[in-house]
Protein chains: 2
Amino acid sequence: MHAETKDEMRDKILEAALKRFTHYSASKTTMNEIADDLHCSKASLYYYFPDKKGLHFAVLEKIGEIFISEQEAEGENIISAEQTLLNILEVKRQFLERYCRLELFKILNDNSEGTQRMIKEVKNREDALLARIIEYGVKIGEFAVDNPKQLAELYNQAMFGLRFAAVDCFQINTDIEAEHLEMILAQQKLLTEIFVKGLKYR
Amino acid sequence: MHAETKDEMRDKILEAALKRFTHYSASKTTMNEIADDLHCSKASLYYYFPDKKGLHFAVLEKIGEIFISEQEAEGENIISAEQTLLNILEVKRQFLERYCRLELFKILNDNSEGTQRMIKEVKNREDALLARIIEYGVKIGEFAVDNPKQLAELYNQAMFGLRFAAVDCFQINTDIEAEHLEMILAQQKLLTEIFVKGLKYR
DNA sequence: TTTTTGACTTTTTTAGTTTGTAAGTCAAAT
DNA sequence: ATTTGACTTACAAACTAAAAAAGTCAAAAA
């Protein structure tokens, strides 16, 4: 295995890791397996990443960026704020369908410095996007509220919380199970409708 | 230790167990400690309960009943549906403050037959109560919706989900931490306000 | 000079074992 | 009918050994 540039090789490794992770989950993937997939030696991986955790983190960064940028794309040209919120739900569902199997959080669940910052940053960008959407709604007269930022955060938390709605008992798991996805999405859509109506009147 | 009737003794045991659990958590409490507190032998406990799990389950039943009946009391004479929903949040907060330390779910978290049924029953009674409140709101013209049961379930799930709102990373825990309680309650109140507004208009 | 690698050491995980503590039983006593 | 002391059994934490995976590095290759 050889690539033109250093960055290119780094990307190839990330891609191979992500492929393994989505097939077999991150915790069941060894550095040797990734190296074998790339027909290179394990030592090479350590030339590009300081350690296994560093690789995990880089993968998290990669999919975090995909996750948030796909949502931000939906916010590029808003027609109706309500419709945009529903579109974002759909985008997030597709994302989850693609990546729910990698179970990165099983590993990065430690309250490690970097991971928390990463997650917080994604959350902040989501909050900011949602705030922009609500502010847009206010501007065009779709909504009548005076605290869009606060409401954006609340909405985001409420959508997140509904992940645990479908769970029968308290089998709580950070990584979502594909089976419940549809039911959760339905509840998220319904709550979005009510929430949006709640924003329309003072 | 001796009681007048069998039921009385059973209650005394439950009380002693609950006291231990709320002080030191269920998982750190031994049958011997409970027996010592009651100045009786451990063997006596096994005369009233089939095993440790049976005792745990009986305690869960007891506090489950407290949890739900306190909420149902709030629904007895509703003046405003919105105010009743806010009152229920307050009742739940007080309940959590009292019992958050017992950590029963740490133990009963297994997807055991009985526990799941118990939790489901409490959830159903909550859903039913909330549905009655929303239906009342519809009746007096406070709300304008045609699916109160569905909305009750959604509202219940959304409130439950907000428990996980305050958590920084994904430090998810079935038993709630006292510190976050106030922040969660604030978000629950805010969402209730928006939700209620969302129910007012078609 | 940058990148790769095989051979190496170190660390972590796993499976198996021991052991102390708590769960659970029971015949006898109240 | 209820309680109990003395007992056995079961489980969870603490070790241990072996295996597997992580991580290093000097030498080779590009």
Side-chain angles (χ1 to χ4, degrees), chain A residues 1-17 19-21 23-60 102-104 106-110 112 114-115, chain B residues 1-21 23-60 102-110 112 114-115:
Chain A
M1 173 54 51
H2 51 288
E4 302 305 310
T5 76
K6 199 163 177 177
D7 276 1
E8 237 173 74
M9 185 59 188
R10 220 185 104 101
D11 271 359
K12 283 224 192 306
I13 294 169
L14 285 178
E15 224 169 274
K19 195 170 275 175
R20 274 270 166 197
F21 292 177
H23 276 322
Y24 307 106
S25 93
S27 62
K28 296 278 179 204
T29 299
T30 68
M31 296 298 268
N32 264 316
E33 286 170 337
I34 296 167
D36 290 351
D37 287 353
L38 290 163
H39 304 293
C40 76
S41 75
K42 179 177 62 172
S44 288
L45 303 183
Y46 287 92
Y47 182 73
Y48 294 95
F49 297 94
D51 53 21
K52 197 187 174 190
K53 207 152 211 169
L55 177 60
H56 283 319
F57 187 73
V59 172
L60 181 66
L102 62 83
E103 299 186 328
L104 251 182
K106 285 257 169 71
I107 297 155
L108 295 163
N109 196 1
D110 56 19
S112 81
T115 307
Chain B
M1 174 52 52
H2 52 286
E4 302 306 310
T5 75
K6 200 165 176 175
D7 275 2
E8 237 174 72
M9 184 60 188
R10 220 185 104 99
D11 271 359
K12 282 225 192 304
I13 293 169
L14 284 178
E15 224 169 275
L18 186 54
K19 194 170 277 176
R20 275 269 166 198
F21 292 177
H23 276 324
Y24 307 106
S25 95
S27 62
K28 295 278 179 202
T29 300
T30 69
M31 296 300 267
N32 264 317
E33 286 170 338
I34 296 167
D36 290 350
D37 286 352
L38 290 164
H39 303 292
C40 76
S41 75
K42 179 178 62 174
S44 289
L45 303 183
Y46 286 92
Y47 182 72
Y48 293 95
F49 296 95
D51 54 20
K52 197 187 171 192
K53 206 153 208 165
L55 177 61
H56 282 319
F57 186 73
V59 172
L60 181 65
L102 62 82
E103 299 187 325
L104 252 181
F105 289 117
K106 284 260 168 69
I107 296 154
L108 295 162
N109 196 1
D110 56 20
S112 82
T115 307

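Every chain is numbered from 1, with letters handed out A, B, ... down the list of sequences.
Under a cutoff of 6.0 Å and an axis angle of 45°, A/K19 and A/Y24 do not form a cation-pi pair.
Going from atom NE2 of A/H39 over to atom P of C/dG6 covers 14 Å, rounded to whole Å. Here C/dG24 presents its C1' atom at 5 Å from OH of B/Y46, a figure rounded to the nearest Å. Regarding A/M31, its CE atom lies at a distance of 10 Å from the P atom of D/dT24, rounded to whole Å. For the pair A/N32 CG and D/dA19 P, the interatomic distance rounds to 18 Å; values are reported in whole Å. When the C1' atom of D/dA1 is taken as reference, atom CG of B/D7 falls 14 Å away, rounded to whole Å. Across the protein-nucleic acid pair, A/K52 atom NZ and C/dT13 atom C1' stand 10 Å apart, rounded to whole Å. Rounded to whole Å, atom C1' of C/dT5 lies 12 Å from atom CE of A/M9. The distance between atom CD1 of B/I34 and atom C1' of C/dA23, rounded to the nearest whole Å, is 12 Å.
Between A/T29 and A/A43, the residue whose closest nucleotide on DNA chain D is further toward the 5' end is A/T29. Residues A/K28 and A/S44 each lie close to DNA chain C; by heavy-atom proximity, the contact nearer the 5' end of the strand is made by A/S44. Comparing B/L45 and A/E33 by the nucleotide of DNA chain D that holds the closest heavy atom to each, the one mapping nearer the 5' end is B/L45.
Between A/K6 and A/Y47, some side-chain heavy-atom pair lies under the 4.5 Å cut-off. Residues A/F21 and A/E103 form no side-chain contact, since every pair of their non-hydrogen atoms from C-beta on lies 4.5 Å or further apart.
Among the candidates B/V59, B/T30, B/D37, the single residue satisfying the side chain to side chain contact (heavy atoms under 4.5 Å, CB included) test with B/R20 is B/D37.
Among C/dT4, D/dG23, D/dA22, the nucleotide with an atom closest to any side-chain atom of A/D51 is D/dG23. Of the candidate nucleotides D/dT2, C/dA23, D/dA22, D/dT2 has the atom nearest to the side chain of B/Y47.
The base of D/dA21 has none of its N or O atoms less than 3.5 Å from a complementary donor or acceptor on the side chain of A/K42.
Put simply, A/K6 has a side-chain N or O that comes within less than 4.0 Å of OP1 or OP2 on C/dT3. Under 4.0 angstrom from either OP1 or OP2 of D/dT3 there lies at least one side-chain N or O belonging to B/Y48.
Note: B/S44 OG to B/M31 CE = 11.0 Å, rounded to the nearest 0.5 Å.
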